[in-house]
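Quick caveat: nothing in here was measured; it's all calculated off a predicted structure. Along the sequence shown, residues are numbered consecutively beginning with 1.
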Amino acid sequence: MNRSEAPVPPGLIAYLDGEPVGWCAVEPRTRYPLILRSKVVTTSSTEEPDDDSVWAVSCFVVRVGDRRKGVGQALAKAAVDWAREHGARIIEGYPVDIEAKPEKVSSAALYHGSVSIFEQAGFTVQARPYPGRALVRLEL
């Protein structure tokens with residue numbers, strides 16, 4: 001089986017000094033039926049829902065003691081490279097838009113990532129379907 005035929009794992013793990021400190025979900029968007037039905041996607045994405053070349057970065061988890069150290073940014077950049085290596089044409093994200101959210105955002109709500117994390121990885125905001133959420137996109 002060559003690499004293009006092998007199953008693609010559903011995400012990436014970040015390590016620091018040999019210890020796992022974070023994870024992000026990144027794979028073809030077609031593997032996320034809930035995302036495909038979400039308001040963020042249905043009102044904002046211009047891509048066909050059954051297109052396997054459109055990938056999604058949908059979730060970030062960073063260990064509490066390792067937050068605010070760039071782990072999220074490193075994972076977002078690695079997700080772009082990973083998607084590109086595995087045939088993605090476009091990669092989307094659905095982050096929390098901290099600046100557009102009137103109240104303070106809890107760290108638990110940031111599992112989608114923040115707009116700034118995606119922008120630092122080269123994504124641009126394509127839409128803001130409702131306050132506090134964005135659809136970001138990067139053509140590969």
Exercise for the section: Kindly determine whether Ser114 and Val96 satisfy side chain to side chain contact (heavy atoms under 4.5 Å, CB included), including the steps that lead there. Expected result: CA-CA 5 Å; Ser114 66; Val96 174; 5.6 Å; no

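- Looking only at side-chain heavy atoms (C-beta outward), Val115 and Val125 come within less than 4.5 Å of each other.
- The side-chain heavy atoms of Pro9 and Trp82, taken from C-beta on, include a pair separated by under 4.5 Å.
- The side chain to side chain donor-acceptor pair (under 3.5 Å) test applied to Thr42 returns no partner, not counting sequence neighbours.
- Side-chain contact between His112 and Cys59 is absent, with no heavy atoms from C-beta onward closer than 4.5 Å.
- Annotation for Val62 and Gly72: closest pair CG2-N, 4.3 Å, computed over non-hydrogen atoms.
- Following chains of ILVMFWY side-chain contacts shorter than 4.5 Å, one can reach Leu16 starting from Ile117, so the two form part of one hydrophobic cluster.
- Aromatic rings of Phe60 and Phe118 (six-membered ring for Trp) have centroids within the 6.0 Å cut-off, being under it.
- Between the side chains of Glu92 and Ser45, a donor-acceptor pair is found at a separation under 3.5 Å.
- A salt bridge does not link Arg29 to Asp51: none of the charged nitrogens lies less than 4.0 Å from a carboxylate oxygen.
- Arg63 pairs by the side chain to side chain donor-acceptor pair (under 3.5 Å) definition with Asp66, not counting sequence neighbours.
- Leu36 and Val54 fall into different hydrophobic clusters, defined by Ile, Leu, Val, Met, Phe, Trp and Tyr side-chain heavy atoms under 4.5 Å apart, directly or through other members.
- Using a 4.5 Å heavy-atom cutoff, the side chains of Tyr32 and Glu27 are in contact.
- A salt bridge does not link Arg133 with Asp97: none of the charged nitrogens is closer than 4.0 Å to a carboxylate oxygen.
- Of all heavy-atom pairs between Ala134 and Pro129, the closest is CA-CD, 4.2 Å.
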Problem - Test side chain to side chain contact (heavy atoms under 4.5 Å, CB included) applied to Val41 and Tyr94, step by step - result: CA-CA 8 Å; Val41 172; Tyr94 318 102; 3.5 Å; yes

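- Annotation for Gly22 and Val71: closest pair CA-CG1, 4.2 Å, computed over non-hydrogen atoms.
- Under the 4.5 Å side-chain heavy-atom criterion for grouping Ile, Leu, Val, Met, Phe, Trp and Tyr, Tyr130 is connected to Leu135 within one hydrophobic cluster.
- Follow the hydrophobic side-chain contacts under 4.5 Å out from Tyr111 and you never reach Ile13; the two are in separate clusters.
- Of all heavy-atom pairs between Leu138 and Ala121, the closest is CD2-O, 4.0 Å.
- For the pair Ile90 and Leu140, the minimum side-chain heavy-atom distance is 4.5 Å or more.
- Between Trp55 and Arg89, every side-chain heavy-atom pair lies at or beyond the 4.5 Å cut-off.
- Linking Ile, Leu, Val, Met, Phe, Trp and Tyr whenever their side-chain heavy atoms come within less than 4.5 Å puts Val26 and Val8 in one cluster.
- Considering CG of Leu75 and SG of Cys24, their distance stands at 4.5 Å, rounded to 0.5 Å.
- Interatomic distance, CZ of Arg137 versus CD of Gln126, reported as 5.5 Å (0.5 Å rounding).
- When every heavy atom of Phe123 is checked against every heavy atom of Val136, the shortest pair comes out as CD2-CG2, 3.8 Å.
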